[in-house]
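What you see is a predicted model, and the numbers here were worked out from it, not measured in a lab. Just so it is clear, the values below take in all heavy atoms, side chains as well, and ignore hydrogens, waters and symmetry mates.
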Amino acid sequence: MLAILTVIAPIFALMALGYSAVRFRLFPADGIKSLIAFVNNFATPCLLFYSLLTSDFSAAFNPAIIGPFYFGAVVCFIIGIVIAMKVFGNTPGESVSVGFSGTFTNTVLVGLPIMTRAYGAEALPVTLSIIGLHGAILLTVGMVTMELMRRDGQSLGKTLLVAGKRVGSNPLIWGIAAGMIGYFSGLKLIEPAEAFFTMMASAVVPAALFGIGGALNEFKLSENWKQALIASVIKLIVHPAIAYALMIWVLRVPMDIARYGILLAAMPAGVNVYVFATYYNRGVSVAANTILIATVASAATISIWLLILGH
């Protein structure tokens, strides 16, 4: 247990530092958005590009890990929608937003630092293969479902076009695409270029954790905290449990590889659940509360999953 605490303590200490710096006005709140933009738009794409370029991509793309991860995400999406409609009496559009809050994983700002800290650089190829599909699959599923279920929904064709534009305009996708092109074309970086990408990649962990900690100051508990708590349980417990059952019990994936996909599924809700909710103006308070509750609670749940996975 001490070894697990050693793994997660620096992670959440950095998040606490970011939260406290903004809370006590030692760091400007407006600067947090810029810091996260730097991580998402510049540092992480460089990390994705360099990691894919220098890793064994063909070995990392493992359907036995990727499949259960996304199957579990879709199942959690459905569970969240059904609970929101049947238990809390939400409208269809609000229910989709609540379901999405328990589905979309914080793979970059929290996932990458914890995966790297827990399992080292060897976890990156598999982790990045999941991240590469994350936004494309889940944003498309979420947007299509929203348009089909809400009363003022758009046509399926227009929805897919909008989803495609959102995915295609994501710098993370650009970094992944460039890395794959470089990998399959046999690109070799000269030393100054390699040093540049190494330096940019090294900025991801501290900047991401400080940024997400600072961003938590924006989210306050509201009257919808019960729905957010359910969404958090789905994200932190149900999703990784489904991934675990499928990978270990059904597909018999070795634990030393399966744990990468299972632990990534155990990460809290990503900021995109709030972006999704505000885009459709449905379930905004639930999304904001889910980010807050799930991120704070993940300090305990991630520790438990590390214990289950044998660290």
Taking the six-membered ring for Trp, are Tyr244 and Trp249 closer than 6.0 Å centroid to centroid? yes
Is the closest side-chain donor-acceptor distance between Tyr280 and Glu147 under 3.5 Å? yes
For Asn217 and Gly214, indicate whether the former's side chain and the latter's backbone hold a donor-acceptor pair under 3.5 Å. yes
Checking the side chain of His239 only, and the main-chain atoms of Ile234 only, is there a donor and an acceptor separated by less than 3.5 Å? no
When you measure from the side chain of Tyr260 to the backbone N and O of Met115, does any donor-acceptor pair fall under 3.5 Å? no
Is it true that Phe77 and Phe104 have ring centroids separated by less than 6.0 Å? no
Sidechain-backbone polar pair: Tyr50 side chain, Met200 backbone, donor-acceptor under 3.5 Å: no
Check whether the side chains of Gln227 and Asn90 place a donor and an acceptor atom closer than 3.5 Å, and report yes or no. yes
So Phe27 and Phe210, would you call those rings parallel, tilted or perpendicular, with 30° and 60° as cut-offs? perpendicular
Any donor-acceptor pair under 3.5 Å from Ser97 side chain to Glu94 backbone: no
Quick one: does Trp174's side chain have a donor or acceptor within less than 3.5 Å of a partner on Gly168's backbone? yes
Quick one: does Asn289's side chain have a donor or acceptor within less than 3.5 Å of a partner on Lys220's backbone? yes
Kindly indicate, with the supporting measurements, whether the criterion side chain to side chain donor-acceptor pair (under 3.5 Å) is fulfilled by Thr105 and Lys235. CA-CA 8 Å; Thr105 303; Lys235 183 73 223 50; 3.2 Å; yes
Between Asn272 (side chain) and Val275 (backbone), is there a donor-acceptor pair under 3.5 Å? no
If the plane angle is over 60° it's perpendicular, under 30° parallel, otherwise tilted; pick one for Tyr274 and Phe219. perpendicular
